[in-house]
Amino acid sequence: MQVAIIGAGIVGLATAHALLDRGHEVVLIEPGGKQGRPTDGNAGWIAHTDVMPLASPKAWRNLPRWLMDPLGPLTIRPGYLPHLAPWLARFLLASSPSRIKASIGAIRAINAEALPAWKSLLSSLDLNGHLRENGILSVWRHRGDFNRSQDIIERQRSLGIAAEVLSPQALTELEPMLRNVEAAVLYPDACHVSDPAVLAADLLRLALERGAIPVAAHASRIELTDGAIRIHTDGSASPVVADQVVISAGIWSRALAAQLGDQIPLDTERGYNATYPKGTFGIGRPIMFEGEGFVTTPLDTGDRVGGAVEFAGIEAAPNHSRTDAMVQRLTRFLPHLQAELAAKRWMGFRPSIPDSLPVIGPAGRDRRVIYAFGHGHYGLTQSAITAQMVASMLEGRSGPVDVSPFSAQRF
C-alpha cells in the first residue's frame, strides 16, 4: 500500500517509520524551508508526565496577570482577536470540570505510551544516543504558588507519575546555579532529546535510506476518487497518487481538513525562544519555571530558554521583544546569565486545539485520509505514539490507545 504523508515534521517522520516498519511504501510531501515549524526549534522535552490541559485552573489563575503584560507569557495581538474569538469560545467550553476531566483522561492515555513508543522507535533505528534521561524539574518562585499546585501534583501521583518534592538543600545540590526558588519538584522519569532539529534530521535521513520518497512541494488540494487519492501540489502538473493519506502538517493542516469537510478549531500558539552557547545556563536538566511561562533545556547544541504564547496567526512578523523579556525574567533565577550574550532567536507555530488534545483519526468524508496534527506543546512527546496509532488505523486494526477522544468529529 502506498501512503502519502503530508508534512515531514516530527509527527510525519515518526509516522513514516511506523509505516515503513509494516512494509508500506511512503511518500513524504514537504516543501522544505518552511519557517516556524515547531520541529525545528522546540524545547526538546518528552513531557509524558504532564496530564493537565491548557484550559485548566492553573492557566486561569495566571491568565489575568499574563494578559496585563504585553510582553508576558501570554498575549493576543488586538487585530487578531476577531479571528481568534471562535477558538477562545471553545477554550472556555473546554474549561468546564467535566471537560477538563475528560481531557486529563485522554492526555494521560496517550502520554502514558509516549516514552515507550519513543524508546522503541529510537532503538529500532539505533538512535538511542539522542535520549537524555536526567529528569525534568519544576520550580516555583513563591511557596504560596507551589501550595496552590498541590492538587495537580497529587493527581499526577495518583496516576502513577513519580514526583519528588525537593528540600532547599537537595535543590541546591541538584542545580547549584538556581536562585530565588522557594519550592521545587523533580520528575525523575521525564526526559529530553539531544536537539529536536538534529533528531528530526536523523529521522528524515533514515526514512529516505529505508525507501521513503521525498516530494519537495506544498500540498494544496486533495482529490478523492474511487480508485486512488490524488494530492495536487504547487508547482507541479502531476499530482501525487496514493492509496491512503496522512495529514500531519501542523498549523498548515487546517486548510486541507476544511477541503475534506472538517472544520477544525486549529490555531497557532506562537512560541519564542533563545539558544545560547552550551553551558551558558549551568543547568543539568530541563526546568519548568511555573507561573513564569517559560522553560529551559540544556540541549547538546546549546542552552535554550523558550515558551510564551502569542496569538497573532502565521502572517504577522515575530516580535522578539517577547524573547528579550523572557530572557530578562530568566535572570531572576540565573543571575549569572549575561542576557546581552549572542543568542539565536526563533519563533514557531505550535498547532493548538482548545481542549489540548490532538486530532488523530479519519477525515469525515473519507476514511482513507487520516489526520495527525494539533499536538500543541506535545508534538515531540506524542509523535512516536501517534505514529503507532495512525499505522494501526490505516490497516484497520485497534491501536495502543483509544482514538475516540482525538476524533476530528468531536467538534
Side-chain angles (χ1 to χ4, degrees), residues 7-10 30-44 54 63 65-88 91 195-197 200 216-220 234-235 249-256 258 264-276 292-297 299 301-331 339-354 373-377 379-380:
I10 196 68
E30 171 66 49
K34 187 178 289 182
Q35 297 299 307
R37 292 195 323 165
T39 294
D40 300 325
N42 64 69
L54 183 61
L63 198 59
R65 174 171 60 89
W66 288 347
L67 287 174
M68 297 239 347
D69 181 356
L71 297 178
L74 188 151
T75 191
I76 302 170
R77 292 201 189 180
Y80 195 68
L81 186 56
H83 179 90
L84 188 64
W87 192 98
L88 291 173
F91 182 78
D195 180 280
H218 170 72
S220 57
D234 292 350
I251 186 61
W252 297 277
S253 303
R254 181 174 55 196
L256 293 171
I264 310 296
L266 177 68
D267 215 297
T268 175
E269 297 178 42
R270 294 155 55 108
Y272 290 82
N273 69 41
T275 304
Y276 288 83
E292 305 291 335
F294 62 84
V295 304
T296 54
T297 312
L299 299 169
T301 51
D303 289 356
R304 179 166 294 167
V305 53
V309 170
E310 179 188 45
F311 288 102
I314 62 174
E315 300 298 333
N319 175 13
H320 280 296
S321 294
R322 297 181 57 74
T323 312
D324 297 339
M326 184 166 53
V327 171
Q328 285 298 324
R329 291 197 298 274
L330 176 60
T331 61
E340 66 276 8
L341 287 174
K344 179 181 178 181
R345 282 160 169 73
W346 180 87
M347 186 273 289
F349 303 119
R350 305 184 193 99
S352 180
I353 304 289
F373 58 81
H375 294 76
H377 295 252
L380 177 62

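For clarity, every value in this text was computed on a predicted model and none was experimentally measured.
Rounding to the nearest 0.5 Å places CG of D303 at 10.0 Å from CG of L330. A distance of 12.5 Å separates OG1 in T296 from OH in Y276, rounded to the nearest 0.5 Å. Taken from CD in Q35 to CE in M347, the straight-line distance is 9.5 Å, to the nearest 0.5 Å. The line from CG of N42 to CZ of R350 is 9.5 Å long, rounded to the nearest 0.5 Å. Between the CH2 atom in W252 and the NE2 atom in H218 there is a gap of 10.0 Å [rounded to 0.5 Å].
By the side chain to side chain contact (heavy atoms under 4.5 Å, CB included) test, L88 is found to be paired with I76, L81, L84, residues two or more places apart in sequence or in another chain being considered. For N273, there are no side-chain hydrogen bond (donor to acceptor under 3.5 Å, both in side chains) partners, not counting sequence neighbours. When the side chain to side chain contact (heavy atoms under 4.5 Å, CB included) test is applied to A339, the partners found at least two apart in sequence or on another chain are V327, Q328, T331. For E30, the salt bridge (Lys or Arg N to Asp or Glu O under 4.0 Å) test picks out R37, with sequence neighbours left out. Here W87 pairs with F91, F311 under the ring-ring contact (aromatic ring centres under 6.0 Å, His included) rule; sequence neighbours left out.
Looking only at side-chain heavy atoms (C-beta outward), V309 and H377 come within less than 4.5 Å of each other. By the 4.5 Å heavy-atom criterion applied to side chains, R254 and D267 are counted as neighbours. P196 is not listed as a side-chain neighbour of P38, based on a closest heavy-atom distance of 4.5 Å or more.
In terms of heavy atoms, A249 sits closest to S253 at N-OG, 2.9 Å. The two residues V295 and A43 make their nearest non-hydrogen contact at CG2-CB, 3.9 Å. Between G374 and I353, the shortest heavy-atom contact is O-CG1, 3.7 Å. Looking at every heavy atom in both residues, G293 comes nearest to P73 through CA-CB, 3.7 Å.
Put simply, the side chain of T39 gets close to the backbone of I10: a donor and an acceptor are under 3.5 Å apart. Put simply, the side chain of Y272 gets close to the backbone of N319: a donor and an acceptor are under 3.5 Å apart. In this structure, the side chain of T323 does not engage the main chain of A274 through any donor-acceptor pair within 3.5 Å.
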query = Can you check side-chain contact (heavy atoms from CB on, under 4.5 Å) on D40 and K34, steps first, answer last?
reply = CA-CA 10 Å; D40 300 325; K34 187 178 289 182; over 6 Å; no
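Counting only residues at least two apart or in different chains, salt bridge (Lys or Arg N to Asp or Glu O under 4.0 Å) contacts with residues 307-330 comprise R77-E310, R270-E310, D324-R345.
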